[in-house]
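Everything below concerns the one structure shown next.
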Amino acid sequence: MYRLFSWEHSYFSGKVRAYLRWKQHHGALGAGFEDVLATPELALRLLIPKSGTPAVPQLEAPDGTWVQDTSEIIDFVEAAHPERPVVPDPARSPRQCLAAYLIELLADEWVLVPAFWERWYYSEDGREPSHRAFNEQQWGAVVAAGRPGPTRRAAGADLFETMFGISTSRSDPKGTYAGLVHLGVDEKTEHAWQASQHRLLQRLEAHFGVHDYVLGGQPSLADFALLGPLYAHLYRDAVPGFALRIWFPLVAEWVERTNGEGALNARWYGQKLYSLDPESGALVGRPATSDGGEWLPGDAIPETLRPVLAIFFEEMWPVLRDAAAVLTDFIASDAHEPGGELPGKSFFATPEFPALQIGDGPLTHKYRIGDVSGRRMVIPYQMWMLGRVERVLAACTADAAGRAGVEELLAGFGGGPELLELGRILAGCRIRKEGGRLHSVSV
């Protein structure tokens, strides 16, 4: 049996947990998996020795292999259990395949920012409405696991003050609040980030009014990636969860469906809808989800999905392109040894690299969100993710028909054709990943 070490309130745990449920439901996961609460004891004595990081989720395979990072977990499990794949075949469905990976990148590394903000903004002193008490409880459930309820909540409150400086979140940001600043969120930009999130939710609401999943009637990598922010931070957290149900009820229904648990009304992927045969009165079943319970045929991209993909090219792609240029210059400079370690994946600047990603450090850059500008850290992990897209893109364009289909898709977005130049863009900032640590690739 696989073991997933996770938290219920963890952004990325929601992504891989729902994926494992999908595989398990279809009998494509061997003996299945156990979801293990990653307490501080397990993080210190097990996760760090195995992967070099306490970050969750992490997966222990039945053969003892240890995998950290949701993208690598999904790749690992897909290779071991190819039945019921979650990514369309790049040779037969290149456009759908590429779309799934682009939405994974958007969900993992862009939607992360406003979702992260929603949780901590509505936990600050004096906010109304506030979900501070709920947030204390859910964090306390990890740091004081198994203790009485008041003790758990007090442990969460103490953590927020000692590690995050929650009472001085605006005047002296620490921990998660400092991380938001590092990601480019401040009083000038925060509402532009929220507007970006609302724009995405509006477009997803329209899409899920027609199709039950991103690519049609069954989930894909794109759905599980989107579940990261939309489950833990927007559906489950109290204030954004209330707002999601009021303004985006079809998105809320999709969260229940994709999470694969307690979702009878949401018409989840394991369900049938029944009618009565008019002559015999027998129950006649059919797939509960749209599009016959399958991805759209003929490598079709749903028309309602194109506005969602447009957000990647309108908002995220210019930031990634600029960050790649800054990282390329840094790797080539005397400040970095070729092949040396770089800041890792995190919600905040990596502590082992003081000042690189903070303020005007050499791994920061100017960016725009909506109609305002700010400054944010360069995240080398995002270049690793782009390298993943580059490999997928190569597979999707390996023959003339695939290339034509991909070119048609990308031509519909401003800056879209630039994606075909990923090799040039990444030439000086390729990333090697070892567990939870990142290194530049020596040329």
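Heavy atoms only: backbone and side chains are in, while hydrogens, waters and symmetry mates are out. Residues: numbered from 1 along the sequence shown.
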Practice task
Name all residues meeting the salt bridge (Lys or Arg N to Asp or Glu O under 4.0 Å) criterion together with E78; count only those two or more places apart in sequence or in a different chain, and write none if there are none.
Solution key: K23
Completion exercise
Smallest heavy-atom separation, R203 atom then A310 atom, equals NH1-CB, 4.0 Å
Practice task
Could you give me the CA-CA distance, side-chain angles and deciding distance for E256 and R267, then say whether salt bridge (charged side-chain N to carboxylate O under 4.0 Å, His left out) is met?
Solution key: CA-CA 9 Å; E256 295 169 353; R267 304 179 325 282; over 6 Å; no
Exercise for the section: For residues R17 and S6, determine if any side-chain heavy atom of one lies less than 4.5 Å from a side-chain heavy atom of the other. Expected result: yes
Practice task
Quick one: sort the H9 and W7 rings into parallel, tilted or perpendicular, breaks at 30° and 60°.
Solution key: parallel
Handout entry: T397 side chain reached by E407 side chain, heavy atoms, under 4.5 Å
Key = no
Exercise for the section: Would you check if there is a donor-acceptor pair between the side chains of S275 and R286 at a distance under 3.5 Å? Expected result: yes
Handout entry: Test: E408 and R95 ion pair at under 4.0 Å
Key = yes
Practice task
Mind running salt bridge (charged side-chain N to carboxylate O under 4.0 Å, His left out) on R199 and E315 for me, showing each step along the way?
Solution key: CA-CA 11 Å; R199 188 178 308 114; E315 297 185 6; 2.2 Å; yes
Practice task
Assert yes or no for the condition that the ring centre distance of Y269 to W22 is strictly below 6.0 Å.
Solution key: yes
Practice task
Would you please indicate if the ring centroids of F116 and Y11 are separated by under 6.0 Å?
Solution key: no
Handout entry: Minimum side-chain heavy-atom gap D223-R257 below 4.5 Å
Key = no
Problem - H182 side chain vs I358 backbone, donor-acceptor pair below 3.5 Å - result: no
Exercise for the section: Give a yes or no on whether the backbone of G241 and the side-chain of R245 come within a donor-acceptor separation of less than 3.5 Å. Expected result: yes
Practice task
Would you check, one step at a time, whether the test side chain to side chain donor-acceptor pair (under 3.5 Å) holds for Y231 with E8?
Solution key: CA-CA 9 Å; Y231 173 64; E8 195 72 26; 2.4 Å; yes
Exercise for the section: Look at the side chain of R152 and the backbone N and O of R147, then say whether any donor-acceptor pair between them is shorter than 3.5 Å. Expected result: yes
Handout entry: Steps toward side chain to side chain contact (heavy atoms under 4.5 Å, CB included) verdict (Y101, L221)
Key = CA-CA 7 Å; Y101 280 96; L221 174 66; 3.7 Å; yes
Exercise for the section: Examine W120 together with F164 and report whether their ring centres are nearer than 6.0 Å. Expected result: yes
Exercise for the section: Using a 4.5 Å cut-off on heavy atoms from C-beta on, say whether the side chain of Y19 contacts that of L4. Expected result: no
Exercise for the section: Test the R132-Y122 pair against the cation-pi criterion, namely NZ or CZ under 6.0 angstrom from the six-membered ring centroid and within 45° of the ring axis. Expected result: no
Exercise for the section: Begin with the C-alpha distance, continue with both residues' side-chain angles, and end with the deciding distance and a verdict on ring pair (Phe, Tyr, Trp, His ring centres under 6.0 Å) for F330 and H336. Expected result: CA-CA 7 Å; F330 176 77; H336 180 75; 5.7 Å; yes
Problem - Any side-chain donor near an acceptor of the partner, N135 and W139, under 3.5 Å - result: yes
Practice task
Taking the side chain as every heavy atom from C-beta outward, state whether L215 and L305 have any atom pair closer than 4.5 Å.
Solution key: yes
Completion exercise
Across all chains, not counting sequence neighbours, the ring-ring contact (aromatic ring centres under 6.0 Å, His included) partners of H198 are none
Handout entry: Residues that H207 engages under side-chain hydrogen bond (donor to acceptor under 3.5 Å, both in side chains), provided they are two or more places apart
Key = T304
Exercise for the section: Using modelled atom types only, decide if a donor and an acceptor are shared between the side chain of Q218 and the backbone of E294 within a distance under 3.5 Å. Expected result: no
Problem - CA sep, side-chain torsions, deciding dist, call: E124, R127, salt bridge (charged side-chain N to carboxylate O under 4.0 Å, His left out) - result: CA-CA 6 Å; E124 288 182 305; R127 294 294 172 205; 2.8 Å; yes
Problem - Chi angles and distances behind the side chain to side chain contact (heavy atoms under 4.5 Å, CB included) call for E352, E341 - result: CA-CA 10 Å; E352 292 87 348; E341 189 171 356; over 6 Å; no
Exercise for the section: Using a 4.5 Å cut-off on heavy atoms from C-beta on, say whether the side chain of I311 contacts that of M316. Expected result: no
Exercise for the section: Evaluate ring pair (Phe, Tyr, Trp, His ring centres under 6.0 Å) for W66 paired with F5, printing each intermediate quantity in order. Expected result: CA-CA 11 Å; W66 204 269; F5 293 83; 5.3 Å; yes
Handout entry: Expected output: side-chain W117 to main-chain W193 donor-acceptor under 3.5 Å
Key = no
Completion exercise
Tightest non-hydrogen contact, residues A144 and T151, listed as CB-O, 4.4 Å
Exercise for the section: Please report the shortest heavy-atom distance between L342 and S440, naming the atom on each side. Expected result: CD1-N, 3.7 Å
Handout entry: Residues, nucleotides or ligands: over 12 heavy atoms within 6.0 Å of M163 CE
Key = no
Handout entry: Residues that R92 engages under salt bridge (Lys or Arg N to Asp or Glu O under 4.0 Å), provided they are two or more places apart
Key = D89
Exercise for the section: Could you give me the CA-CA distance, side-chain angles and deciding distance for T364 and R376, then say whether side chain to side chain donor-acceptor pair (under 3.5 Å) is met? Expected result: CA-CA 5 Å; T364 66; R376 59 181 264 134; over 6 Å; no
Exercise for the section: Would you tell me whether Q382 and E109 have side-chain atoms, one donor and one acceptor, within less than 3.5 Å of each other? Expected result: yes
Practice task
Count the heavy atoms of every other residue, nucleotide or ligand shown that sit under 6.0 Å from CD of E337, and state whether that count exceeds 12.
Solution key: no
Exercise for the section: Report yes if some heavy atom in the side chain of L102 is under 4.5 Å from a heavy atom in the side chain of W317; otherwise report no. Expected result: no
Exercise for the section: Might you point out which heavy atoms bring Y381 and S71 nearest each other, and give the distance in Å? Expected result: OH-OG, 4.1 Å
Problem - S93 backbone acceptor or donor facing Q96 side chain under 3.5 Å - result: no
Practice task
Before accepting this row, confirm whether a basic side-chain N of the pair D108/K15 lies closer than 4.0 Å to the acidic partner's carboxylate O.
Solution key: yes
Exercise for the section: Just grab all the salt bridge (charged side-chain N to carboxylate O under 4.0 Å, His left out) pairs involving residues 36-64, residues at least two apart or on different chains. Expected result: R3-E60, E41-R45
Exercise for the section: Name all residues meeting the ring-ring contact (aromatic ring centres under 6.0 Å, His included) criterion together with F248; count only those two or more places apart in sequence or in a different chain, and write none if there are none. Expected result: none
Practice task
Compare every heavy atom of A145 with every heavy atom of L37, then report the nearest pair and how far apart it is.
Solution key: CD2-CB, 3.9 Å
Completion exercise
Closest non-hydrogen atoms of A38 and L47, given as atom of the first, atom of the second and distance, are CB-CD2, 4.4 Å
Practice task
In sequence, state the C-alpha distance, the side-chain angles, and the governing distance for W254 and H211, and then conclude on ring pair (Phe, Tyr, Trp, His ring centres under 6.0 Å).
Solution key: CA-CA 10 Å; W254 166 89; H211 304 284; over 10 Å; no
Handout entry: H81 and Y2: side chain donor to acceptor below 3.5 Å
Key = yes
Practice task
May I ask you to test the L309-F312 pair for a side-chain heavy-atom distance under 4.5 Å?
Solution key: no
Practice task
Test Y235 against every option in L244, N259, L230 by the side chain to side chain contact (heavy atoms under 4.5 Å, CB included) rule and name the one that passes.
Solution key: L244
Problem - Spacing of OG1 belonging to T176 relative to CD1 belonging to I166, to within rounding of 0.5 Å - result: 7.0 Å
Practice task
For D399 and G402, indicate whether the former's side chain and the latter's backbone hold a donor-acceptor pair under 3.5 Å.
Solution key: yes
Practice task
May I ask you to decide if G435's main-chain N or O and K433's side chain share a donor-acceptor pair within less than 3.5 Å?
Solution key: yes
